[in-house]
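The block underneath contains the structure these notes are about, expressed in structure tokens.
On a predicted model such as this, the values are computed, not experimentally measured, just so you know. Throughout, protein chains are lettered first and strands after them, A, B, ... in sequence-line order, and every chain is numbered starting at 1.
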Number of protein chains: 2
Amino acid sequence: MQTRALHTLVRVSILGSFAKVAEEMNTTISTVSMQIKAIEEQLSVEIFDRSHRPPKLTPVGKAVCEKAKLILGAEKELLALSGQENELAGNFRIGFVATASVRLLPDFLKNAQENALHASFELETALSEVLEARVQSGILDAAVVTESERERSDLEYHLLRRERLMFAVPKKFADQPVEALRSKLPFLQFNPGSGIGKLIQQHMSGSSTTGNKQDIVLESVEAIIACVNEGLGFTLLSEPDIRRYASATCGIVPMKTDELVRHLSLAIPKSRFSDGARQQLIGLFGE
Amino acid sequence: MQTRALHTLVRVSILGSFAKVAEEMNTTISTVSMQIKAIEEQLSVEIFDRSHRPPKLTPVGKAVCEKAKLILGAEKELLALSGQENELAGNFRIGFVATASVRLLPDFLKNAQENALHASFELETALSEVLEARVQSGILDAAVVTESERERSDLEYHLLRRERLMFAVPKKFADQPVEALRSKLPFLQFNPGSGIGKLIQQHMSGSSTTGNKQDIVLESVEAIIACVNEGLGFTLLSEPDIRRYASATCGIVPMKTDELVRHLSLAIPKSRFSDGARQQLIGLFGE
DNA sequence: ATACTAAGTTCAGGAATTTTGAATATGCAA
DNA sequence: TTGCATATTCAAAATTCCTGAACTTAGTAT
């Protein structure tokens with residue numbers, strides 16, 4: 001019997017969804033489904049009632065989960081005997097993509113002080129691509145980056161935040177369809193060399209005809225929103241970034257059609273950390 | 001983490017030898033070694049001190065075993081929730097090779113009465129080959145047979161007894177080398193159509209020149225030993241069989257060179273029983 | 001109702017792990 | 001020291017596990 005599958009089961013019983021667990025464990029829904037099915041077959045027991053969505057635990061399923069927790073608890077004790085450092089200890093260099101540092105860094109440092117007593121951190125900020133290269137070369141131990149579609153290299157990505165991209169437009173234009181704005185207002189584009197900048201550019205070039213107003217490229221989220229606040233243009237940025245700086249004169253318009261989402265993830269080299277340490281590090285980024 | 005490996009570890013800690021555990025679990029020493037190594041690597045801990053033979057548990061190793069027992073205990077509770085019958089229940093047809101039935105059957109029935117309350121048994125005896133065929137065809141649920149080198153078919157074999165073959169010779173010839181006897185006494189050969197008979201024949205034809213006395217074939221162990229008791233010939237049979245019938249006039253001579261051993265095993269179809277039931281059934285054959 | 005969407009299942013292949021048998025090494029005992 | 005039983009190593013074979021794509025289904029919006 002595989003304790004990994006039991007762990008999956010317990011997480012599903014807590015999060016209530018295969019999909020969330022798959023994401024949490026950096027694997028696919030398919031795998032989660034297979035693992036659960038394997039347990040059900042080994043025990044010849046129906047753990048989930050599939051006639052509901054999300055699947056609900058059967059009474060036996062609940063009992064199985066309870067026993068599984070006991071096993072996992074015992075396993076944890078066993079792992080605690082491990083000779084290797086299973087706790088975050090020592091000095092670590094962590095990179096933050098610039099656009100995330102403002103919001104994530106303070107909480108991270110606070111959590112680190114409270115929950116990682118044996119670890120100290122050196123921090124730096126740069127573009128996602130640069131950070132990833134530095135993690136790969138071993139200069140950094142880990143980095144918070146905007147995940148993109150390109151090669152996932154040899155790094156492991158652990159999702160920290162999922163941020164929806166939204167339009168910030170001056171209040172007086174807020175009721176117009178954003179497609180129409182392109183011809184009336186300059187589009188304020190965040191640095192297209194950055195990870196999120198690429199996401200934005202990709203969307204704007206795909207969904208609109210080129211505007212006749214002159215677009216402006218800026219490297220500061222704060223500056224961009226300040227411009228929107230003043231009615232000088234509109235922009236597309238991640239929701240938390242917009243809300244941080246938006247004044248009363250700034251309207252926030254969610255995207256209609258395809259949800260464009262920015263994934264902020266912690267990138268680490270495969271097997272750079274022990275399971276316990278990795279878990280602890282990810283925990284420092286809060287929920 | 002694989003509970004199978006933990007189980008292996010715990011058994012090794014109890015039996016004190018990789019080899020014994022490999023046999024008990026119907027697998028190879030190599031597998032046992034690999035499983036233990038895997039645990040040691042996962043924990044980065046040295047569980048056994050290899051500078052001793054048999055390997056002795058280190059202090060950490062002892063601690064690991066204790067935790068492993070907790071995990072296995074919890075796992076057992078989980079398995080107990082199983083929907084399937086995990087206990088021997090119902091009616092079973094068991095075959096016994098004739099030469100083993102005298103000694104094994106009484107104890108088996110006693111154990112069954114005490115430890116398999118929900119099971120009843122129908123028994124039959126025949127030659128090993130016949131029994132194996134009947135197990136394969138589903139007429140029998142299991143059979144105690146003399147294991148031979150030939151095709152292991154689709155059956156699973158669980159070793160029950162390891163019996164050494166010895167010579168039984170009249171006392172007055174007991175101090176002579178057995179090789180010399182062949183020319184002075186008839187050899188009393190047990191039915192060469194049976195599993196053990198083949199083992200015996202194989203050995204006798206290989207190690208001695210053909211005797212000038214007339215050899216005798218009998219189908220009864222008891223009759224053969226009775227003849228030896230009377231000084232009418234000598235024989236080669238399994239130690240417990242000889243001791244059962246030998247009188248004071250019968251000498252028992254162990255084999256010098258290669259240990260010829262008879263393996264009495266329980267043959268069952270693969271996956272005919274659940275793990276628990278199989279375990280229980282094997283247990284009914286005593287130590 | 002109908003169609004849509006998000007969530008789970010199934011399946012086949014590919015990746016990773018485990019098992020095995022043969023060859024090799026090592027401790028213990030004579 | 002040899003002999004022997006036992007354990008380790010190694011590479012191939014068997015097995016298990018994971019993945020991505022296609023498919024199904026429950027809940028929801030139209």
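In this entry the distance linking CD of E23(A) with P of dA6(C) reads 14 Å, nearest Å. Between the C1' atom of dA15(C) and the NZ atom of K270(A) lies a distance of 12 Å, rounded to the nearest Å. Per the geometry, CD belonging to Q2(B) stands 11 Å off C1' belonging to dT15(D), to the nearest Å. Separating the CZ atom of F48(A) from the C1' atom of dT9(C) is a distance of 14 Å, rounded to the nearest angstrom. As a whole-Å value, the separation of Q35(A) CD from dA16(C) C1' is 14 Å. The nearest whole Å value for the distance from the CG atom in L6(B) to the P atom in dT18(C) is 12 Å. As a whole-Å value, the separation of E41(A) CD from dT16(D) P is 12 Å. At whole-Å resolution of the value, CG in L15(A) and C1' in dA6(C) are 17 Å apart.
Nearest nucleotide to the side chain of I29(B), out of dT20(C), dT19(D), dA7(D): dA7(D). Closest contact between the side chain of M34(B) and the listed nucleotides dG8(C), dT19(D), dC10(D) involves dC10(D).
For the OP1/OP2 pair of dT10(C) and a distance below 4.0 Å, the side-chain nitrogens and oxygens of K37(A) include at least one atom meeting the criterion. Contact check, S33(A) against dT9(C): a side-chain N or O comes under 4.0 Å of OP1 or OP2. Using a 4.0 Å cut-off, no side-chain N or O of S17(A) falls inside it from OP1 or OP2 of dA7(C). Regarding contacts with the backbone of dT20(C), a side-chain N or O of T28(B) is found under 4.0 angstrom from either OP1 or OP2.
Classification of E23(A) and K20(A) as a salt-bridged pair fails, no side-chain N sitting under 4.0 Å from a carboxylate O. With salt bridges taken as basic N to acidic carboxylate O contacts below 4.0 Å, one links E66(B) and K69(B). With salt bridges taken as basic N to acidic carboxylate O contacts below 4.0 Å, one links R262(B) and E163(B).
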Short N/O separations, protein against nucleotides 26-30 of chain D, under 3.5 angstrom:
none

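Atom CD of E46(A) is surrounded by more than 12 heavy atoms from other residues, nucleotides or ligands within 6.0 Å.
Using modelled atom types and a 3.5 Å distance limit, the side chains of D49(A) and T58(A) yield no donor-acceptor pair. Counting only N and O atoms by type, the side chains of S238(B) and R161(B) include no donor and acceptor under 3.5 Å apart.
Nucleotides of DNA chain D nearest to A19(B) and S30(A) differ in position, and the one nearer the 5' end is that of A19(B).
Scanning for side-chain hydrogen bond (donor to acceptor under 3.5 Å, both in side chains) contacts around R4(B) gives an empty result, with sequence neighbours left out.
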